Amino acid sequence: MKKNNNNALHIYDSVQKQKLPFESIIPRKASIYICGPTVYDDAHLGHARSSLSFDLLARTLKALRYEVTVAKNFTDIDDKIIKKVQETGQSLEEITNHYITSYKKEMNALGVIDADIEPKATQSLEAMESLINNLIEKDIAYVVSSGDVYFDTSKDANYGSISHQVADDEENQSRVEHNAEKRNPKDFALWKACGSEQEICFETSFSKGRPGWHLECSAMIEKHFEGTDEYSIDIHAGGADLLFPHHENEAAQSRCATGHELSKYWIHNGFVNINGEKMSKSLGNSFFIKDALKVYDGEILRNYLISIHYRNDFNFNEEDLLNSKKRLDKLYRLKKRVTPTKASKPNIKFQQAIMRAMSDDLNISVALATIEEMISTSNDKLDENPKDKGLKKETLANIEFLDALLGLGGKEPFSYFQIGIDEKTKNTIEALIEARNSAKIEKDYEKSDAIRDEISAMGIEIMDTAEGTVWEKV
RNA sequence: GGAGCCAUCGCCAAGUUGGUAAGGCCGUAGAUUGCAAAUCUGCUAUUCACCAGUUCGAGUCUGGUUGGCUCCUCCA
């Protein structure tokens with residue numbers, strides 16, 4: 001028998017560890033908060049992966065006609081940023097603005113749609129201060145002699161419910177930050193008072209200092225989302241490494257401050273390894289997006305980075321990247337065949353199949369297989385009937401649908417294959433192709449093959465199609 | 001030490017409530033083409049790390065073994 005006509009979105013919740021039907025806290029609206037970067041350095045592949053994962057989520061929700069609000073924060077106050085300020089002599093704003101700008105630019109190059117709200121920690125200090133005061137009044141937070149403010153984890157009966165990590169043994173306690181004044185070993189800092197030498201700190205009713213990392217997100221969520229009596233937002237997203245302690249602590253603060261849970265769903269993306277090794281600066285294999293973009297077009301990187309399910313670990317290597325590029329090439333070759341024309345409506349069955357796949361916790365593999373099928377079928381039909389206008393219009397509409405949902409196939413197809421070739425070279429190639437075609441008409445195959453060799457020596461591949469001779473950069 | 005994840009064709013990778021292994025790359029045979037490329041068609045895992053169990057039936061459930069990995073400390 002048929003399975004349920006269950007096209008409704010299901011997402012995997014890291015807290016309950018299972019796929020759950022997505023039911024937004026406010027009908028037809030979806031609120032997503034993504035833990036964004038700490039802006040002390042350039043964005044690396046891991047940032048891209050996270051960004052891309054939740055970009056797909058947002059696009060899928062939009063395609064399902066949800067009114068989506070995405071917030072992604074920038075942590076612009078933090079020890080590492082302060083260190084950079086001291087090292088470079090630049091101001092905090094100079095440094096953070098620089099990295100925020102380049103982060104956004106690079107993510108846009110990867111086709112990531114900007115978040116609707118992009119709060120900065122330094123712009124949310126009032127919300128943080130009132131959150132802390134709220135907790136101090138309830139005696140859930142406490143100030144120690146240095147001025148630091150800690151969260152009393154023993155006051156939250158549900159502490160541990162997010163990550164299921166209950167670290168009680170002594171082995172663990174020894175690894176946690178030491179402070180004799182802490183009530184419990186697990187207590188974490190909500191606010192760090194500034195040392196005597198430190199210049200970057202903010203005045204509050206409890207002490208002069210700066211916010212703890214976990215606090216920022218809680219405060220920003222409360223500030224920017226209305227929520228309901230049960231939850232502040234629908235989905236809280238971030239990297240798998242943030243589940244503990246970051247999200248655990250966020251959830252605890254918010255729960256105690258507001259009396260309800262922070263987020264209905266929690267989702268986490270997997271990590272990026274480079275050639276089988278964990279990507280890290282100490283291993284020297286860290287990979288900045290800006291460097292990758294010098295070699296590969298953003299869409300090619302996007303196509304590769306989204307091709308593996310967001311919860312799996314991603315093993316980045318050039319061979320796989322080139323393989324995945326072949327899939328994109330096929331999509332664009334098809335687009336070439338139907339250009340120019342005006343798109344009509346996408347094929348309903350195709351559209352539904354893709355939406356069904358993406359609704360199943362963003363099953364990109366099934367979506368890609370569906371695309372392959374569409375490409376193959378369309379090419380087949382085009383072979384049979386190269387001038388079928390209705391088919392061309394529908395095919396183009398299919399591709400435009402993919403562009404909106406997955407961010408793939410949006411370029412003008414001829415330029416896609418000519419990325420990085422300058423006008424002068426283009427003219428040379430066109431002239432050579434013309435010369436070759438003349439030779440072919442005269443059946444001077446020796447000459448035409450010689451010209452083809454000359455063209456391929458330039459790194460260009462040519463194809464004689466029903467629609468004429470076309471060329472691609474290899 | 002504690003918490004958890006993963007292991008499917010040469011490579012990448014799907015596989016919700018168990019029912020008899022998607023798709024891509026590569027390879028190969030053919031159609032088409034002056035040739036090549038592109039495009040299309042066919043073929044390519046009796047089998048899912050290993051062992052045992054539950055079941056009429058298991059890649060999918062249970063127990064164990066082996067081998068990778070992550071978190072518990074800043075981290076997407």
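Quick caveat, the model's predicted, so the values are computed rather than measured.
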Any base atoms under 4.0 Å from A:I308, or only sugar-phosphate, or nothing? Heavy atoms, all strands. sugar-phosphate
Name the closest nucleotide to the A:D380 side chain, picking from B:rG34, B:rC71, B:rC40. B:rC40
Under 4.0 angstrom, heavy atoms only, what part of the nucleic acid is A:V470 near: base, sugar-phosphate, or nothing? nothing
Compare the minimum distances between each of B:rC71, B:rC12, B:rA38 and the side chain of A:D320, then state the nucleotide with the smallest one. B:rC12
Any idea which of B:rC26, B:rG24, B:rC35 is nearest the A:R436 side chain? B:rC35
Counting only Watson-Crick pairs (N1-N3 plus N6-O4 or O6-N4) and G-U wobbles (N1-O2, O6-N3), all under 3.5 Å, who is the partner of B:rC71? B:rG2
Any donor-acceptor N/O pair under 3.5 Å between B:rC35 base and A:D464 side chain: yes
Under 3.5 Å donor-acceptor pair, A:R327 side-chain atoms to B:rC25 base atoms: no
Under the side chain to side chain contact (heavy atoms under 4.5 Å, CB included) rule, what do A:R327 and A:I371 come out as? Steps first, then yes or no, please. CA-CA 9 Å; A:R327 292 185 123 165; A:I371 294 172; over 6 Å; no
Per nearest nucleotide of RNA chain B, the residue lying toward the 5' end, A:G36 or A:N363, is A:N363
Touch check for A:H309, heavy atoms < 4.0 angstrom, all strands: base, sugar-phosphate only, or nothing? sugar-phosphate
For A:D116 and A:T69, does a side-chain donor sit closer than 3.5 Å to a side-chain acceptor? no
Could you tell me whether A:I364 contacts a base, only the sugar-phosphate backbone, or nothing, with contacts defined as non-hydrogen atoms closer than 4.0 Å? nothing
Does A:R333 get its side chain close enough to the base of B:rA38, under 3.5 Å, for a donor-acceptor pair? no
For the side chain of A:D313, starting at C-beta, report the closest nucleotide among B:rC69, B:rA14, B:rC71. B:rC69
Once you round it to whole Å, what is the distance between P of B:rU41 and CD of A:E373? 11 Å
Closer to the 5' end of RNA chain B via nearest nucleotide, is it A:E372 or A:D360? A:D360
Closest nucleotide among B:rG34, B:rA22, B:rC40 to the A:A369 side chain: B:rA22
